[in-house]
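Please read the structure below before turning to the comments.
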Amino acid sequence: QSEAQAKDPRTAFVHLFEWNWDDIAKECAVIGPMGYAAVQVSPPQESVPGNAWWTRYQPIGYEIVGRSGDRKQFAEMVQECRKHNVDIYVDAVINHMAAGPRNYPAVPYVWNDFHDCFEPIDYGDRGKIQFCDLEGLNDLKTESEYVRDRIANYLNDLVSLGVRGFRIDAAKHIPASDIAAIIDRLPKDIYIFQEVIGAFGEPVSEFEYVGNGDVTEFKYGNVLGSHFKGQSQLKYLRDLRNWQGWLDSSDAIVFTDNHDTQRDRPFSVMSFKDDGARYFIANVFMLAYPYGYPKVMSSFAFEDKDQGRPESGVHSGAECFDGQWICEHRWQGIAAMVKFRNVTSGAFSLDNWWDNGANQIAFSRGDLGFVAINGGSFGMSQRLQTGMPEGTYCNVLSGQRSDFSCSGDRVVVDPSGFADIVLSSTNALAIHRDSKL
Ligand code: ARE
Ligand code: CA
C-alpha cells in the first residue's frame with residue numbers, strides 16, 4: 001500500500017457492465033472523486049460475433065478488440081482512470097474458448113490444447129466440473145505449460161497497459177493449482193479475485209481458491225435479498241460477518257447482484273428491477289457493514305436475458321438514468337455510501353448495534369460513522385447511541401455537505417454520543433467523520 005492509498009483508502013469498486021472504453025475513461029472523472037477504487041470492465045479480448053451480452057465470454061483470441069473498443073482506446077482508458085485514482089480490473093475468460101471447432105489460429109490453440117470431455121457438466125463430479133465443457137465452451141488444458149504461457153502472456157499484455165487486477169471468470173472450472181501457476185507468471189502486486197459460485201453439496205469449494213486471491217461470496221446476495229425483501233428480518237444480519245461456512249471478510253467479494261444473477265435471479269437476489277428504495281437500502285447495508293470488498297453493480301435495462309446493451313453508450317449518445325442505462329453507481333446515496341465506507345475503513349469494527357427486534361437496525365463503525373436502516377413498514381423514531389463525537393452532522397443519504405452547510409437533514413449528536421434518529425419506512429440515514437458540519 002502506498003502512502004497516498006493509506007491517506008485515501010478506497011474500499012469498494014464498480015462493475016461498468018458492457019460500457020465502452022471511451023465512456024469508462026470519461027466516467028472515471030466522475031467516480032474517482034466519488035471514491036471508487038476500481039472498475040471491473042467486460043472481457044476485452046476478441047470474441048464471437050453477435051449482439052447478446054454474453055458473446056464476450058466466448059474468446060476466439062487474445063487481441064484487445066471488440067464491442068467496447070480497440071486496444072488504443074483500452075490503453076487510453078486505463079491511463080485516464082489512473083489519473084483519477086481508479087484501477088481497472090479485467091474480466092479474464094481463461095477457462096475456455098468459444099464453442100465450435102477447436103481451432104483458434106490467432107493464439108494459436110489447436111485440438112490438443114483442450115480437454116476431451118464433451119459431456120455436459122455434472123456438478124457432483126470434480127473431474128467433470130473442471131475438465132468438461134462449461135455450457136459447451138471448449139475447455140482449455142490449463143495444466144499444460146503451453147496453455148498457461150498463452151494465458152499469462154495475455155494477462156501480462158493487459159498489465160503492460162496498466163491493468164491492476166483480474167476477475168478470473170469460471171474459476172471453479174479451473175483447478176486452483178492451475179490458477180496459481182498462471183498467477184505465478186504475473187507481477188506479484190496484481191489483484192486477483194476468482195468467480196467461484198460456492199454451492200452446498202458440490203465437490204469444488206470456494207475455500208480451495210483463497211490462496212490465489214479473493215473469491216466471490218455468492219451467498220451474500222441471496223441473504224441480503226431475502227432479508228431486504230422481507231423473507232427474514234434485518235435484525236438477523238447482525239453477525240453475518242462471522243457466519244459459519246462463509247469466506248473470511250478479507251477473502252470475500254460481495255455484491256447485491258451481478259450480471260448473471262440479475263438475469264437468472266436465483267433464490268432471493270435483488271436488482272434494480274426490484275422496488276428501488278428497497279434495493280437502495282440493501283446497498284446501504286452492503287457498503288456500511290464491515291464484511292468483504294463490495295462490488296456495486298451498474299446495469300443496463302433489459303427485458304430478455306440475452307438482450308445486449310443499448311446502442312449508444314453513456315457519454316457517447318446516451319446518458320445515465322435515461323431508461324436504458326441504470327447507473328446504480330451514480331445514485332446519490334450509493335455514491336455517498338462508498339465515501340462512508342472509505343472514511344470508516346480505519347475502524348473495521350461493528351459497534352453500537354441496535355435493532356427494534358425486527359427490521360429497524362442501526363450500528364456504528366467505531367467513532368468514524370453511524371448508519372440507521374429502516375426496512376420495516378412503519379416510521380422509526382429512536383434516541384440511539386451513535387458512537388460519534390459530539391456535533392452536528394449532515395445525513396449524507398438525504399443531502400450533501402458543502403463547507404459548513406448541508407442540503408439534507410441534520411443529525412445532532414450530544415456530548416454522550418446520543419442522537420434522535422427519525423426515518424420513514426424503507427429509508428436509511430448515514431453520518432460520518434467527514435459529514436460533520
Ligand atoms: C451461451 C449460451 C449457452 C450456450 C453457450 C455456448 O447461453 O446456451 O451453450 O453460449 O454457445 C455467459 C452466459 C452464458 C453463455 C456464456 C458464453 O451466462 O449463458 O452461454 O456466457 O457466451 C456456472 C459457472 C459460472 C458461470 C455461470 C454462468 O460455474 O462460472 O455458470 N459464470 C461465468 C460468467 C458468465 C459466463 C461464463 C461464466 C462463461 O459470469 O456470464 O456465461 O464464461 C449452479 C452452479 C454454478 C453454475 C450455476 C449456473 O449454481 O453451482 O457453478 O454457474 O449453477 O449454471
Ligand atoms: Ca476447465
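Because the structure is a prediction, the values reported are computed rather than measured. Indexing begins at 1, ligand by ligand and atom by atom, following the structure's order.
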- May I ask you to check if any N/O/S atom from N95 comes under 3.0 Å of the Ca ion (ligand 2)? yes
Protein heavy atom at shortest distance from [atom]:
atom: atom 32 (N) of ligand 1; result: E195 OE2, 2.9 Å
atom: atom 31 (O) of ligand 1; result: L134 CD1, 4.2 Å
atom: atom 47 (C) of ligand 1; result: Y123 OH, 3.6 Å
atom: atom 34 (C) of ligand 1; result: D169 OD1, 3.1 Å
atom: atom 53 (O) of ligand 1; result: I197 CD1, 3.4 Å
atom: atom 52 (O) of ligand 1; result: K172 NZ, 2.6 Å
atom: atom 8 (O) of ligand 1; result: E135 OE1, 4.0 Å
atom: atom 29 (O) of ligand 1; result: H173 NE2, 2.6 Å

- Test of proximity, D306 against ligand 1: N or O pairs below 3.5 Å: no
- Query: Should T55 be counted as touching ligand 1, given the test is an N or O pair under 3.5 Å?
  - Reply: no
Assess whether a salt bridge exists between [X] and [Y], defined as any Lys/Arg side-chain N lying under 4.0 Å from an Asp/Glu carboxylate O.
X: E145; Y: R150; answer: no
X: R102; Y: D133; answer: yes
X: E143; Y: K141; answer: no
X: E195; Y: R167; answer: yes
X: E208; Y: R126; answer: yes

Atoms of ligand 1 close to [X] [distance to a heavy atom under 4.0 angstrom, numbered from 1]:
X: H96; result: 39 (C), 43 (O)
X: E202; result: 45 (C), 51 (O)
X: D260; result: 18 (O), 32 (N), 33 (C), 34 (C), 35 (C), 40 (O), 41 (O)
X: A199; result: 51 (O)
X: A99; result: 6 (C), 11 (O)

Using ring centroids (six-membered ring only for Trp), state whether [Y] and [X] fall under 6.0 Å.
X: Y191; Y: F166; value: no
X: H329; Y: W19; value: yes
X: F193; Y: Y293; value: no
X: F17; Y: W53; value: yes

- Those residues at least two apart in sequence (or on a different chain) that pass salt bridge (charged side-chain N to carboxylate O under 4.0 Å, His left out) with D239 are none
With a heavy-atom distance limit of 4.0 Å, tell me whether [X] approaches ligand 1 through its side chain, its backbone, both, or neither.
X: R167; result: side chain
X: A170; result: both
X: W53; result: side chain

How are the rings of [X] and [Y] set relative to one another: parallel (under 30°), tilted (30 to 60°) or perpendicular (over 60°)?
X: F363; Y: W353; value: parallel
X: H227; Y: W243; value: tilted
X: Y154; Y: Y62; value: parallel

- Work out the angle at the Ca ion (ligand 2) between O of Q130 and OD2 of D139, rounded to 10°. 70°
- Query: What N, O or S atom of H173 is found closest to the Ca ion (ligand 2)?
  - Reply: O
- Message: Tell me which pairs pass disulfide bond (SG atoms under 2.5 Å apart) where either residue lies in residues 124-177, with sequence neighbours left out.
- Response: C117-C132
- Message: Check for me whether R263 has a heavy atom closer than 4.0 Å to any atom of ligand 1.
- Response: no
- Does the protein put a heavy atom less than 4.0 Å from atom 23 (C) of ligand 1? yes
